[in-house]
Amino acid sequence: MRRLEDRVAIITGGASGIGKATLERFVSEGAKVVVADFDITSALKVASDFGALAIETDVADPASVDAMVGQVIDRFGRIDIAFNNAGISPPDDDSILDTSIDAYQRVQDVNLKSVFLCCKAVLPHMLAAKKGSIINTASFVATLGAATSQISYTASKGGVLAMTRELGVQFARSGVRVNAISPGPINTPLLQELFAKDPERAQRRLVHIPMGRFGEASEVAAAVAFLASDDASFMTASNFLVDGGLTGAYVTPL
Ligand code: NAD
């Protein structure tokens, strides 16, 4: 499928995990992709592997985001797709009883303020063109509570979901669609490292997933490509769950 032929797409956090899988998918569907990532070494590597452009960006910093979007406009003249995906999940964000205000704020800045900044920077260009698709990465924890808390992460993703819904509704008649994607637990290097060491912790989570497995980054990328494309022309302000049935489940199959 070449649903994204010649579309200009920005992927924040495109150097790793879900962002990298989406880069691969977007390129295979014909898009011109910009990888905006903090980790410029990895961003340059994946950009050269997939024929994309890498721009060093700190999504939590307004000047850095504005400079990145300015460079994309200078280079391509437009932005058709913004996948606001960069996020962190650090170990010092834990139970509310143990999480410091610094740790709380760092996660809010990278996961939620970043989505505000990136949407604010691309929207004027999309509104002027009367078209565009923004996809913001939330998470299943925006919808479900976990006793294994990462309190700031969860709150940040709830914020991403609410912000996305509001932007989707506000701009619904402008040609610009704004949707959230909510992945379930995905088999990224981080998750593998966490659970390979501790199968009991993995099992505690797997029992809640009807499909009985973690998702793959490519499965999230396929859903993002759909939301980015005209196939999703009647979708905006939605929470698109890619979670193996997790949020729909009470009792899962044996
Ligand atoms: P990852 O750690 O593999 O990739 C995240 C990327 O974001 C990295 O390339 C990193 O360099 C970049 N990044 C971090 N801070 C940045 C900053 N300040 N500025 C620019 N780039 C920055 O993570 P992933 O697992 O692919 O997750 C991607 C998104 O999906 C995140 O928003 C995450 O919260 C969300 N998510 C992941 C899962 C999962 O199970 N992996 C589940 C639900 C939601």
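Atoms within a ligand are numbered from 1 in the order they appear, just like the ligands themselves. In this chain, residues are counted from 1 in sequence order.
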Participant: If I apply the N/O under 3.5 Å rule, does I18 come out as touching ligand 1?
Facilitator: yes

Participant: Check each atom of ligand 1 against the heavy atoms of T188 and keep those under 4.0 Å away; list them by number with element.
Facilitator: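 Counting atoms of ligand 1 from 1, those under 4.0 Å from T188 are 25 (O), 41 (N).
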
Participant: Measure the distances from the heavy atoms of K20 to every atom of ligand 1 and state whether one is below 4.0 angstrom.
Facilitator: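 False for this residue.
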
Participant: Centres of the F50 and F26 rings: under 6.0 Å?
Facilitator: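 Here the rings of F26 and F50 have centres that are no less than 6.0 Å from each other.
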
Participant: May I ask whether Y153 places a heavy atom under 4.0 Å from ligand 1?
Facilitator: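 Per 4.0 Å heavy-atom rule, Y153 contacts ligand 1.
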
Participant: Consider salt bridge (charged side-chain N to carboxylate O under 4.0 Å, His left out). Of K32, K130, R7, K131, which one does D80 pass it with?
Facilitator: K131

Participant: Any salt bridge linking D93 with R106? Criterion: basic side-chain nitrogen under 4.0 Å from a carboxylate oxygen.
Facilitator: no

Participant: Judged on heavy-atom distance to atom 38 (C) of ligand 1, which of G184, S89, G17 sits nearest?
Facilitator: G184

Participant: Return a yes/no value for S139: is any of its N or O atoms, backbone included, closer than 3.5 angstrom to an N or O of ligand 1?
Facilitator: no

Participant: Measure D58 to ligand 1 on non-hydrogen atoms and call it side chain, backbone, both or neither using the 4.0 Å cut-off.
Facilitator: both

Participant: Would a 4.0 Å cut-off, counted as strictly less than, catch a protein heavy atom around atom 23 (O) of ligand 1?
Facilitator: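 No; the ligand atom in question lacks any protein heavy-atom contact below 4.0 Å.
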
Participant: So which heavy atom on K45 is nearest to which on D49, and how close?
Facilitator: NZ-OD2, 2.8 Å

Participant: For ligand 1 and V59, I'd like to know whether there is a polar contact (N/O to N/O, distance under 3.5 Å).
Facilitator: yes

Participant: What atoms of ligand 1 come closer than 4.0 angstrom to any heavy atom of A86?
Facilitator: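 Numbered from 1, ligand 1 contributes 7 (O), 21 (N), 22 (C), 32 (O).
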
Participant: Give me the residue, atom name and distance of the protein heavy atom closest to atom 5 (C) of ligand 1.
Facilitator: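 Answer, as residue, atom name and distance: G87 O, 3.9 Å.
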
Participant: Does any N or O atom in I186 lie less than 3.5 angstrom from one in ligand 1, N or O only?
Facilitator: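 Among all N and O atoms of I186, at least one is under 3.5 Å from an N or O of ligand 1.
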
Participant: Between ligand 1 and N111, is the shortest N or O to N or O distance under 3.5 Å?
Facilitator: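 The answer is no, given that N111 and ligand 1 share no N or O pair closer than 3.5 Å.
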
Participant: Distance from N179 atom CG to R165 atom CZ, nearest 0.5 Å?
Facilitator: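 It comes to 12.5 Å.
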
Participant: Can you name the closest pair of heavy atoms from P185 and I209 and give their distance?
Facilitator: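 Smallest interatomic distance, heavy atoms only, reads CG-CD1, 4.0 Å.
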
Participant: Using a plain distance cutoff, I'd like to know if T137 has any nitrogen or oxygen under 3.5 Å from a nitrogen or oxygen of ligand 1.
Facilitator: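 Such a contact does not occur with ligand 1.
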
Participant: Any idea which protein heavy atom is nearest atom 16 (C) of ligand 1, and the distance to it?
Facilitator: F38 CB, 3.7 Å

Participant: Give me the one residue out of L23, T137, I10 that meets side-chain contact (heavy atoms from CB on, under 4.5 Å) with F83.
Facilitator: T137

Participant: Using a strict 4.0 Å cut-off to heavy atoms of P185, name the atoms of ligand 1 that fall inside it.
Facilitator: 40 (O)

Participant: Would you check whether D37 reaches within less than 4.0 Å of ligand 1, judged by its heavy atoms?
Facilitator: yes

Participant: Could you list the atoms of ligand 1 found under 4.0 angstrom from a heavy atom of A138?
Facilitator: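 So the answer, numbered in order with elements, is 44 (C).
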
